[in-house]
There are 2 protein chains.
Amino acid sequence: MTVASDPRVTDRVHQELRDQIFAGELPAGARLSVPALAASLGVSRSPVREAIVRLVHERLAREEPRRGAVVADVSLKSLIAIYEVREVLEGLATRLAVENAGRRLIRTLEDVLGEHERAVAAVDLTAASEADMTFHRLIREAADNPEVVRMLDEVQTQVRLAMRTTQVTRGPKLAVADHRAIFTAMAAGDPAAAEQAARAHIAGLRSTLAEQAGEPR
Amino acid sequence: MTVASDPRVTDRVHQELRDQIFAGELPAGARLSVPALAASLGVSRSPVREAIVRLVHERLAREEPRRGAVVADVSLKSLIAIYEVREVLEGLATRLAVENAGRRLIRTLEDVLGEHERAVAAVDLTAASEADMTFHRLIREAADNPEVVRMLDEVQTQVRLAMRTTQVTRGPKLAVADHRAIFTAMAAGDPAAAEQAARAHIAGLRSTLAEQAGEPR
DNA sequence: CTTTGAAAAGTTACATGTAAATCCCTCTTG
DNA sequence: CAAGAGGGATTTACATGTAACTTTTCAAAG
């Protein structure tokens, strides 16, 4: 038996290109030339071609037949549409988490929320951001629904892509307050309230995006 | 300029394999051998390979490294999870449709609903099913959110795959009644009520799946 | 009759070949 | 100086070659 799965060249190339896109080394609109990338990565054209097909499928790149692929961008309008979807998916994940989970999850979430609050109080943005992501991740995992996890991953991919150009936050303090509200509903074992609180959290972020788009209210 | 886009061999192969999977000609678990399919379709291995990568990505096939791809199946458990996601997505689409749409949509929906009711009364299952799908399609399009449309398409793909083995219906009459409820809320211009009615429609279908899974209530 | 294992067959994954389409630069023309 | 035609360079898309790996077959051993 092999100790670890022998990673395919295609997988490495795919991961490398993803990293380069998220890092901004391959900016939006950059052409993804198969021969050029193959040469620069020191592999043949086949695995590069397949990696690009995957990037197109996860919408990190766009392709027109016979014209090749370019790195995708995310318009503010698209991002708002994505957040509309994210709102209901995070709501679902949170409701399912409440329906499934026991005290163990509640206690873990409480710990993470505490860390989050301390980090915000200490103006430690890195730690705050990490606690924020952990909070959401724990809820998704507890939802025990692989479909919603997958769809939220797709959403997350697009959000990361958008992050290169667009800021999405209402500030660390509001994030903590929203999470506290979600936690309270979850701790009370109220699935409907938890779903609503999670939706409100995302809806709030979406409204800041809408403001940036020049549509206040 | 070309009159119609020159279809790539890859595209034709992909479509052909999709059709064969949905038609049951390639049943769940069937191995997708690249050389065998290339020979049977009269093309080289390259476009077949790429078509299979796409099938894997849309989860019509599963692949293990170095072991090839097989046609996917959808367990009842997965299907229920998919319907949990579908519930909130259809709810979102319906709410957005109400927020965007004018009388034109309402009138079109009313017509389709009328056709649906007549088809059910006449026990014309084909016409009823078509009206059912049209009703949902009109709402999705009116939502004017490409993200939710895409995600519902993904859901639809999995549902079609499951259809080969699992029946998903509560009967034509209940479908019409659900649609009538959705329509009423939409016609009243009440986004929240429309979202709820759409969710209830899918939740009803999901509960019949849960019953089949041996978990009544 | 079941188990074992080694050879044969078939397949995957990566590499490379190539015709046709597209891109891009330059040089001409109005 | 802008517009556009020509032509070489590049690229895509499909085809094919091949080493390594997996699966299958089948005969011998237990």
Side-chain angles (χ1 to χ4, degrees), chain A residues 1-21 25-73, chain B residues 1-21 25-73:
Chain A
M1 185 193 291
T2 49
V3 184
S5 69
D6 182 24
R8 293 179 294 184
V9 175
T10 293
D11 295 335
R12 291 196 297 101
V13 171
H14 176 230
Q15 189 58 52
E16 174 65 21
L17 292 178
R18 266 182 72 102
D19 290 348
Q20 289 191 18
I21 289 171
E25 294 168 41
L26 285 169
R31 297 205 69 224
L32 295 170
S33 157
V34 173
L37 289 170
S40 95
L41 296 170
V43 300
S44 79
R45 299 179 332 245
S46 303
V48 174
R49 172 74 234 211
E50 183 165 328
I52 288 176
V53 169
R54 290 194 204 170
L55 292 176
V56 168
H57 231 288
E58 58 194 335
R59 298 195 302 139
L60 292 176
R62 290 186 226 293
E63 141 178 277
E64 282 183 292
R66 314 254 167 210
R67 303 179 134 250
V70 300
V71 176
D73 65 341
Chain B
M1 184 194 290
T2 50
V3 185
S5 70
D6 183 24
R8 293 179 296 184
V9 175
T10 293
D11 295 334
R12 291 195 297 98
V13 170
H14 177 229
Q15 190 58 52
E16 173 66 22
L17 292 178
R18 265 183 75 101
D19 291 348
Q20 288 190 19
I21 289 170
E25 292 168 43
L26 286 169
R31 298 205 66 218
L32 295 170
S33 157
V34 172
L37 289 170
S40 95
L41 296 170
V43 299
S44 80
R45 297 176 337 239
S46 302
V48 174
R49 173 75 233 212
E50 183 165 329
I52 288 175
V53 169
R54 291 195 203 169
L55 292 175
V56 168
H57 232 288
E58 59 195 335
R59 298 196 300 140
L60 293 175
R62 288 185 226 294
E63 145 178 271
E64 283 181 292
R66 313 256 167 207
R67 302 176 137 251
V70 299
V71 176
D73 64 342

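Just so we're on the same page: letters track the sequence lines, and every chain starts at 1.
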Inset, instruction - Report the distance from atom CZ of B/R12 to atom C1' of D/dA13, rounded to the nearest whole Å. - result: 13 Å
Inset, instruction - Would you tell me if any nitrogen or oxygen in the side chain of A/R67 comes within less than 4.0 Å of OP1 or OP2 on C/dC23? - result: yes
Legend entry - Reported CG-to-CZ distance for the pair A/L32 and A/R62, which is rounded to 0.5 angstrom: 12.0 Å
Inset, instruction - Assess the side chains of B/Q15 and B/D19: does a donor N or O sit below 3.5 Å from an acceptor N or O? - result: yes
Legend entry - Candidate nucleotides D/dT22, C/dT11, D/dT11, ranked by approach to the side chain of A/R31 - the nearest: D/dT11
Legend entry - Atom pair distance, as rounded to whole Å: CG in B/L41 and P in D/dA15: 11 Å
Legend entry - Protein-nucleotide distance (A/D11, atom CG; C/dC14, atom C1'), rounded to Å: 13 Å
Legend entry - N/O (side chain, A/S44) to phosphate O (OP1/OP2, C/dA15) under 4.0 Å: yes
Inset, instruction - Taking only heavy atoms on the protein side, list every residue of residues 46-64 of chain B lying under 4.0 Å from any atom of DNA chain D, sorted numerically. - result: B/S46, B/P47
Inset, instruction - Would you mind checking if B/R54 and B/E50 are paired as a salt bridge, meaning a charged N to carboxylate O distance below 4.0 Å? - result: yes
Inset, instruction - Calculate the interatomic distance between B/H14 atom NE2 and D/dA13 atom P; express it in whole Å. - result: 15 Å
Legend entry - Heavy-atom pair of closest approach, residues A/L60 and A/R18: CD1-CG, 3.7 Å
Inset, instruction - Could you check whether B/L37 gets within reach of a base, just the sugar-phosphate, or nothing at all, counting any heavy atom under 4.0 Å? - result: nothing
Inset, instruction - Starting from C1' on D/dG17, measure out to CZ on B/R45 and report it in whole angstrom. - result: 7 Å
Legend entry - Polar side-chain atom of B/R8 near backbone of A/R66 as donor-acceptor pair, under 3.5 Å: no
Legend entry - salt bridge (charged side-chain N to carboxylate O under 4.0 Å, His left out) evaluation trace for B/E63 with B/R49: CA-CA 12 Å; B/E63 145 178 271; B/R49 173 75 233 212; 3.3 Å; yes
Inset, instruction - Measure the distance from CZ on B/R8 to P on C/dA20 and round it to the nearest whole Å. - result: 19 Å
Legend entry - Gap between atoms CG and C1', on A/L32 and D/dT11 respectively (whole Å): 13 Å
Inset, instruction - Choose from C/dT12, D/dT22, C/dC14 the nucleotide whose nearest atom is closest to any side-chain atom of A/V9. - result: C/dC14
Inset, instruction - Tell me, with the steps shown, if A/H14 and A/E58 meet side-chain hydrogen bond (donor to acceptor under 3.5 Å, both in side chains). - result: CA-CA 11 Å; A/H14 176 230; A/E58 58 194 335; 2.4 Å; yes
Inset, instruction - State whether B/S33 places a side-chain N or O below 4.0 Å from either non-bridging phosphate oxygen (OP1 or OP2) of C/dG10. - result: no
Inset, instruction - Using only side-chain N and O atoms of B/R66, determine if any of them is under 4.0 Å from OP1 or OP2 of D/dT22. - result: no
Inset, instruction - Would you indicate, yes or no, if C/dC14 has its OP1 or OP2 atom less than 4.0 angstrom from a side-chain nitrogen or oxygen of A/T10? - result: yes
